[in-house]
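As structure tokens, the structure follows; a few thoughts come after it.
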2 protein chains.
Amino acid sequence: MKSTRNTTAKTAVLEVFEKSKTALSHTEIQKQLNDVCDRVTIYRILDRLVNDDIIHKISNLDGTVKYAKCNHSHQRVHIHNHAHFSCENCHEITCLETVKPSYIMPHNYKVNEINFTLSGLCPKCLNSNI
Amino acid sequence: MKSTRNTTAKTAVLEVFEKSKTALSHTEIQKQLNDVCDRVTIYRILDRLVNDDIIHKISNLDGTVKYAKCNHSHQRVHIHNHAHFSCENCHEITCLETVKPSYIMPHNYKVNEINFTLSGLCPKCLNSNI
DNA sequence: AATCAATTGCAACATTGTTGCGTTAAATTT
DNA sequence: AAATTTAACGCAACAATGTTGCAATTGATT
């Protein structure tokens with residue numbers, strides 16, 4: 001296992017995640033970084049962080065890709081087999097860390113990862129009379 | 001509700017879905033159609049078919065978008081709240097029509113749609129000693 | 001301080017999806 | 001069966017997103 005370095009760009013990206021309560025797209029991260037580093041560098045940092053299990057990738061129903069760093073302060077390893085909620089109104093994606101689906105698989109499948117995304121209206125949008 | 005027409009292009013796209021056991025991306029559909037119609041037309045047909053609830057859109061963990069027409073011959077309405085399996089080896093996406101996750105949601109969320117995608121190895125790839 | 005390789009910036013490219021507009025062709029009406 | 005209506009199409013141009021190669025930089029180690 002190779003080591004990944006703590007560069008200023010990587011630190012800046014991690015700070016953005018730390019500040020955000022919702023999942024972020026590459027573009028959203030880029031905007032918040034204003035020119036700390038190149039667009040390509042952000043792609044590479046995100047790849048690295050996913051590989052290192054520090055953040056995880058979420059692909060939304062509409063095909064957009066976002067990334068999130070969940071707070072598992074009490075756990076050693078970043079676990080991402082939980083659900084995500086995608087709001088149809090404000091388009092925010094949040095981790096539902098308490099929601100874990102149960103299901104029964106047919107035989108002969110080897111499941112390595114699951115992606116459970118629900119969409120609809122988040123509490124914030126539900127309460128502001130849509 | 002406006003009517004959507006049965007054009008040759010739309011019929012051709014539906015035939016491709018009929019023949020395929022797995023979900024298909026825009027590019028895969030385009031290849032199978034060889035120049036029956038324009039690239040843009042395929043996008044528009046897919047949009048229409050999704051709107052008409054004839055096919056459904058699946059976004060994979062890696063961010064790729066695919067479409068599938070499930071066989072609910074016994075049902076009147078196309079239901080897509082079932083699971084999908086995405087093979088990490090052959091990259092095929094298949095509908096797991098029997099797999100329906102159960103879960104408990106926090107309050108104040110309104111769930112309209114769910115996307116449950118599992119990834120790993122499909123039976124075909126599992127048996128060919130990976 | 002020197003070394004080594006991971007990381008970066010830049011440029012160029014590839015893929016995927018969208019939009020506007022004039023033309024074509026289904027479906028309906030006459 | 002011809003005329004009418006408008007959904008659907010093709011084309012061109014654009015926008016967004018993601019990838020790759022390579023020389024220059026910089027973090028970590030010796």
Side-chain angles (χ1 to χ4, degrees), chain A residues 1-17 23-68 86 88 91 93 115 117, chain B residues 1-17 22-68 86 88 91-93 115 117:
Chain A
M1 183 121 164
K2 308 268 170 58
S3 64
T4 71
R5 294 178 181 171
N6 288 319
T7 64
T8 46
K10 182 180 158 186
T11 308
V13 170
L14 280 175
E15 268 173 26
V16 170
F17 278 117
L24 300 167
S25 68
H26 170 272
T27 313
E28 289 164 340
I29 294 165
Q30 193 184 356
K31 275 177 195 158
Q32 290 197 39
L33 283 181
N34 34 329
D35 292 312
V36 167
C37 64
D38 195 71
R39 207 171 63 86
V40 179
T41 303
I42 300 175
Y43 277 114
R44 298 200 257 230
I45 289 173
L46 291 173
D47 282 350
R48 237 180 302 148
L49 291 175
V50 168
N51 258 299
D52 292 353
D53 254 331
I54 294 167
I55 62 172
H56 63 269
K57 194 174 175 176
I58 309 158
S59 59
N60 199 4
L61 281 167
D62 62 12
T64 57
V65 173
K66 300 213 175 190
Y67 299 86
S86 164
E88 289 165 358
H91 298 287
I93 298 184
N115 174 27
T117 309
Chain B
M1 180 122 167
K2 309 269 170 57
S3 63
T4 70
R5 295 179 181 172
N6 288 318
T7 64
T8 46
K10 180 179 159 185
T11 310
V13 170
L14 279 174
E15 270 173 24
V16 170
F17 276 117
T22 60
L24 300 166
S25 67
H26 170 272
T27 313
E28 289 164 341
I29 294 166
Q30 193 183 356
K31 275 177 196 159
Q32 290 197 40
L33 283 181
N34 34 332
D35 293 313
V36 167
C37 64
D38 194 71
R39 207 170 63 86
V40 178
T41 303
I42 300 175
Y43 277 114
R44 296 200 257 228
I45 290 173
L46 291 173
D47 282 350
R48 237 180 302 148
L49 292 175
V50 168
N51 257 300
D52 293 351
D53 253 330
I54 295 167
I55 61 173
H56 62 270
K57 194 173 176 176
I58 309 157
S59 60
N60 200 3
L61 281 167
D62 62 13
T64 58
V65 173
K66 300 212 173 189
Y67 298 86
S86 164
E88 288 165 359
H91 297 286
E92 279 189 359
I93 296 185
N115 174 27
T117 309

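Below, each value reflects all heavy atoms present in this structure, side chains not excepted, and no hydrogens, waters or symmetry copies. Quick note on labels: first sequence line is chain A, next is B, and so on, each numbered from 1.
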Completion exercise
Arg5(A) has its side chain closest, among dC10(C), dC4(C), dC9(D), to dC4(C)
Problem - Arg48(B) side chain, from C-beta outward: closest of dA8(D), dG20(C), dG21(D) - result: dA8(D)
Completion exercise
Result for 5'-nearest mapping on DNA chain D, choosing between Ile42(B) and Asn6(A), is Ile42(B)
Fill in the blank from the handout: Atom CG of Leu46(B) and atom C1' of dT18(C) are separated, to the nearest Å, by 14 Å
Fill in the blank from the handout: In whole angstroms, the gap separating P of dT17(D) from OH of Tyr67(A) amounts to 12 Å
Problem - Atom of Val36(B), atom of Ala9(B) and distance for their closest heavy-atom approach - result: CG1-CA, 4.4 Å
Exercise for the section: Spell out yes or no: do the side chain of Arg44(A) and the base of dG9(C) have one donor N/O and one acceptor N/O closer than 3.5 Å? Expected result: yes
Exercise for the section: Whole angstrom is fine here: how far is it from CG in Asp47(B) over to P in dA7(D)? Expected result: 16 Å
Problem - Thr4(B) OG1 to Asn6(B) CG distance, which is reported to the nearest 0.5 Å - result: 6.5 Å
Problem - Atom-to-atom span, CG of Asp62(B) to C1' of dT19(D) - whole angstrom - result: 14 Å
Exercise for the section: Take the protein atom CD1 of Ile45(B) and the nucleotide atom P of dT18(C), then report the distance between them rounded to whole Å. Expected result: 15 Å
Handout entry: Gap separating the CG atom of Asp47(B) from the NZ atom of Lys57(B), nearest 0.5 angstrom
Key = 7.0 Å
Fill in the blank from the handout: Testing dT8(C), dA12(C), dT16(C) for proximity to the side chain of Arg39(A), the answer is dA12(C)
Exercise for the section: Just call it for Thr8(B): base, sugar-phosphate, or nothing, with non-hydrogen atoms closer than 4.0 Å on any strand. Expected result: nothing
Fill in the blank from the handout: Out of dA8(D), dG10(D), dT17(D), minimum distance to the side chain of Thr7(B) belongs to dA8(D)
Fill in the blank from the handout: Separation of dG10(D) atom P from Asp38(B) atom CG, nearest Å, is 6 Å
Problem - Residue Val40(A), side-chain heavy atoms: nucleotide from dC11(D), dG9(C), dT20(D) that is nearest - result: dT20(D)
Handout entry: Length of the CG-P vector between Leu14(A) and dT7(C), whole Å
Key = 13 Å
Handout entry: Separation of dT16(C) C1' from Lys57(B) NZ (nearest whole Å)
Key = 11 Å
Problem - Positive for side chain to side chain donor-acceptor pair (under 3.5 Å) with Ser86(B), one of Asn60(B), Thr64(B), Thr117(B) - result: Asn60(B)
